[in-house]
Amino acid sequence: MNKYKICVIKGDGIGPEIVDETIKVLDAVSHKFNFSLEYDYKLMGGAAYDVFGEPLPDETLQSALDSDAVLFGAIGGAKWDNLPREKRPESGLLKIRKALGAFANLRPAVIYDELIGASSLKPEVIQGTDILVVRELTGGIYFGQPRQKDENSAYNTMIYSADEIERIAKIAFEAALKRDKKVCMVDKANVLETSQLWREVTQEVAKDYPDVTLEYMYVDNAAMQLVRNPKQFDVILTENLFGDILSDEASMVCGSIGLLPSASIGGKVGIYEPIHGSAPDIAGQGIANPLATILSAAMMLRYALNQDQAAQAIEDAVKQALAQGYRTKDIANYDAKEICTTAEMGSIVAGLI
Ligand code: NAD
């Protein structure tokens with residue numbers, strides 16, 4: 001029997017609630033497909049700061065490095081907002097991504113027919129949307145040095161090496177091969193030198209993928225096209241800052257933030273997490289939607305553990321739960337037959353495995 005070690009980080013806010021439900025589903029699927037998962041629970045974010053005075057304690061990072069994958073809920077909350085930047089929960093997340101070499105963030109944005117009414121866009125515009133945003137995660141302006149702020153001025157540095165661009169471009173082209181074979185690289189090459197380098201390098205990488213069509217789009221146009229005609233996109237490849245913004249936009253095309261998973265991969269160990277935050281406004285009420293985290297676990301099974309069938313089983317179970325009319329409160333006004341708590345939704349999906 002295959003055995004895998006998973007570093008589980010629940011985090012803050014709704015993190016513990018949604019991760020607990022995901023473990024229920026993972027237990028069901030590992031039982032069915034005959035592999036075993038060992039969970040190593042560790043702290044990160046505000047919860048870790050309260051115990052260790054650090055948002056990313058050494059023991060958490062070590063556990064992550066020693067695991068086959070990291071399953072992560074969410075971090076952050078008002079309680080820790082006024083800490084110095086390096087002590088804030090978000091610093092822990094940036095640090096672990098960097099330390100694990102997770103330079104590629106994959107975010108699928110898929111519209112479920114059952115939830116088509118959850119989008120603010122017209123059904124005919126979004127039906128059939130299936131986009132994968134591949135965002136560079138460990139470079140660019142969020143990490144570039146020098147950076148500085150004083151009372152009267154501030155600056156950041158957007159910097160990329162050709163190697164950083166090449167490795168993420170390859171991930172986008174590989175992903176496109178398994179999909180509709182289209183990559184749209186989003187940049188601002190009309191004003192930014194970094195974007196010009198992105199184009200040069202991506203064009204070179206494209207030569208190794210003759211079956212994949214490469215096109216370019218300026219980021220301002222892409223922001224518009226995503227709401228005008230999202231179906232035109234297959235894989236969107238972009239740098240860190242643009243990807244941060246566009247992946248949120250792509251996800252809202254699909255309706256609820258509580259449904260969208262992500263994978264941060266590229267290094268030895270990947271991080272699998274929902275795209276939403278810790279939702280402090282609803283924490284502890286049992287109403288958080290656990291599906292984004294459950295679907296992140298499916299990505300974990302597919303990308304980190306090569307358990308494709310088990311991943312598919314989770315995705316099918318989620319679709320079935322929605323088709324049967326089960327909804328958490330955030331998506332409840334769209335054809336709900338039954339409004340579920342977080343725990344009920346977890347049990348329903350686990351039961352459908
Ligand atoms: P958020 O994603 O936590 O919440 C935005 C809105 O969506 C809220 O109304 C929330 O109730 C709702 N929501 C989010 N997830 C939901 C779910 N699973 N089910 C139902 N409703 C859900 O974003 P925010 O409010 O801007 O940030 C809250 C905290 O989360 C902040 O401290 C922020 O820094 C942090 N954050 C963390 C991550 C992360 O851990 N990766 C990402 C984004 C924000």
Side-chain angles (χ1 to χ4, degrees), residues 8-22 25 42-50 55-56 60 64 70-83 85-98 100 102 105-107 115 118 120 135 137-138 142 240 243-245 247-249 251-252 254-264 270-297 299 318 321-322 326-334 336 339-346 349:
V8 181
I9 299 172
K10 295 185 180 184
D12 309 316
I14 61 170
E17 300 165 55
I18 53 182
V19 169
D20 284 349
E21 298 317 307
T22 304
V25 175
K42 287 285 180 264
L43 296 177
M44 194 173 101
Y49 176 81
D50 287 349
L56 178 63
T60 301
V70 178
L71 178 67
F72 170 57
I75 43 124
K79 182 179 171 193
W80 305 284
D81 273 354
N82 295 321
L83 292 171
R85 190 166 56 87
E86 68 280 6
K87 298 284 183 192
R88 290 183 52 163
E90 294 75 10
S91 298
L93 187 55
L94 293 182
K95 210 169 142 192
I96 196 172
R97 284 175 179 161
K98 190 94 178 167
L100 296 183
N105 184 233
L106 272 50
R107 284 193 187 186
L115 295 180
S120 50
R135 165 190 167 196
L137 203 57
T138 54
Y142 292 174
N240 202 347
D244 194 1
I245 299 163
S247 56
D248 266 23
E249 189 189 354
S251 63
M252 276 323 287
C254 296
S256 169
I257 198 163
L259 276 172
L260 295 152
S262 81
S264 302
I271 308 172
Y272 299 84
E273 55 175 310
I275 72 151
H276 59 72
S278 57
D281 52 332
I282 57 165
Q285 297 176 31
I287 57 171
N289 187 341
L291 294 180
T293 318
I294 291 171
L295 291 167
S296 303
M299 291 186 87
V318 167
L322 294 172
Y326 295 108
R327 305 278 190 274
T328 43
K329 199 174 162 207
D330 55 313
I331 48 174
N333 38 344
Y334 311 105
I339 296 177
C340 310
T341 64
T342 310
E344 283 163 353
M345 185 57 107
V349 175

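When a ligand or atom number is given, it counts from 1 through the structure's own listing order.
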Are the side chain of [X] and the backbone of [Y] linked by a donor-acceptor contact shorter than 3.5 Å?
X: Ser278; Y: Gly76; answer: yes
X: Arg88; Y: Asn82; answer: no
X: Ser91; Y: Arg85; answer: yes

> Of the non-hydrogen atoms in Trp80 and Pro89, which two are nearest, and what is the gap between them?
Replying inline: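 Minimum heavy-atom contact is CB-CD, 3.6 Å.
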>> To check you understand the geometry: which heavy-atom pair defines the closest contact between Met44 and Pro55, and what is its length?
In response: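 Heavy-atom minimum between the residues: CG-O, 3.2 Å.
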[X] contact mode with ligand 1 (heavy-atom cut-off under 4.0 Å):
X: Lys329; value: neither
X: Pro89; value: neither
X: Thr328; value: neither
X: Ile282; value: side chain
X: Asn289; value: both
X: Leu93; value: side chain

> Would you say Ala288 touches ligand 1, if touching means a heavy atom closer than 4.0 Å?
Replying inline: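 Heavy atoms of Ala288 do come under 4.0 Å of ligand 1.
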> Mind checking whether Ile18 has a heavy atom under 4.0 Å from ligand 1?
Replying inline: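 Contact absent.
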>> Just to be sure I'm reading this right: ignoring hydrogens, which of Gly77, Ala78, Gly277 gets closest to atom 23 (O) of ligand 1? Compare them by their nearest heavy atoms.
In response: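 The nearest heavy atom belongs to Gly277.
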> So is there a nitrogen or oxygen of Asp81 less than 3.5 Å from a nitrogen or oxygen in ligand 1?
Replying inline: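 There is no such contact.
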> N/O to N/O below 3.5 Å, does that happen between Ala279 and ligand 1?
Replying inline: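 There is such a contact, yes.
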Hey, is [atom] under 4.0 Å from any protein heavy atom?
atom: atom 14 (C) of ligand 1; value: yes
atom: atom 26 (O) of ligand 1; value: no
atom: atom 34 (O) of ligand 1; value: yes
atom: atom 3 (O) of ligand 1; value: yes

Should you measure from each heavy atom of [X], which atoms of ligand 1 turn up under 4.0 Å away?
X: Gly76; result: 32 (O)
X: Ala74; result: 40 (O)
X: Glu273; result: 41 (N)
X: Glu90; result: 32 (O), 33 (C), 34 (O)

>> Under the rule for side chain to side chain donor-acceptor pair (under 3.5 Å), what residues qualify as partners of Ser262, not counting sequence neighbours?
In response: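 Partners of Ser262 under the side chain to side chain donor-acceptor pair (under 3.5 Å) test: none.
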> Sequence neighbours excluded, which residues qualify as salt bridge (charged side-chain N to carboxylate O under 4.0 Å, His left out) partners of Lys87?
Replying inline: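 Residues passing salt bridge (charged side-chain N to carboxylate O under 4.0 Å, His left out) with Lys87: Glu54.
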Looking only at protein heavy atoms, which one is nearest to [atom], and how far off is it?
atom: atom 40 (O) of ligand 1; answer: Ile75 N, 2.9 Å
atom: atom 28 (C) of ligand 1; answer: Pro280 CD, 3.4 Å
atom: atom 10 (C) of ligand 1; answer: Asp281 OD1, 3.4 Å
atom: atom 29 (C) of ligand 1; answer: Ser278 OG, 3.3 Å
atom: atom 5 (C) of ligand 1; answer: Ile257 CD1, 4.9 Å

Using side-chain heavy atoms (C-beta onward) and a distance below 4.5 Å, is [X] in contact with [Y]?
X: Leu322; Y: Leu291; result: yes
X: Arg107; Y: Leu260; result: no
X: Thr328; Y: Pro290; result: yes
X: Glu273; Y: Ser264; result: yes

>> What I want to check is whether the side chains of Arg135 and Ser247 have a donor and an acceptor closer together than 3.5 Å.
In response: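 No.
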>> With a sphere of 6.0 Å drawn around CG of Asp281, does it hold more than 12 non-hydrogen atoms of other residues, nucleotides or ligands?
In response: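 Counting other residues, nucleotides and ligands, CG of Asp281 exceeds 12 neighbours.
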> Under 4.0 Å between a Lys/Arg side-chain N and an Asp/Glu carboxylate O for Asp12 and Lys79?
Replying inline: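 Salt bridge flag = no for Lys79 with Asp12.
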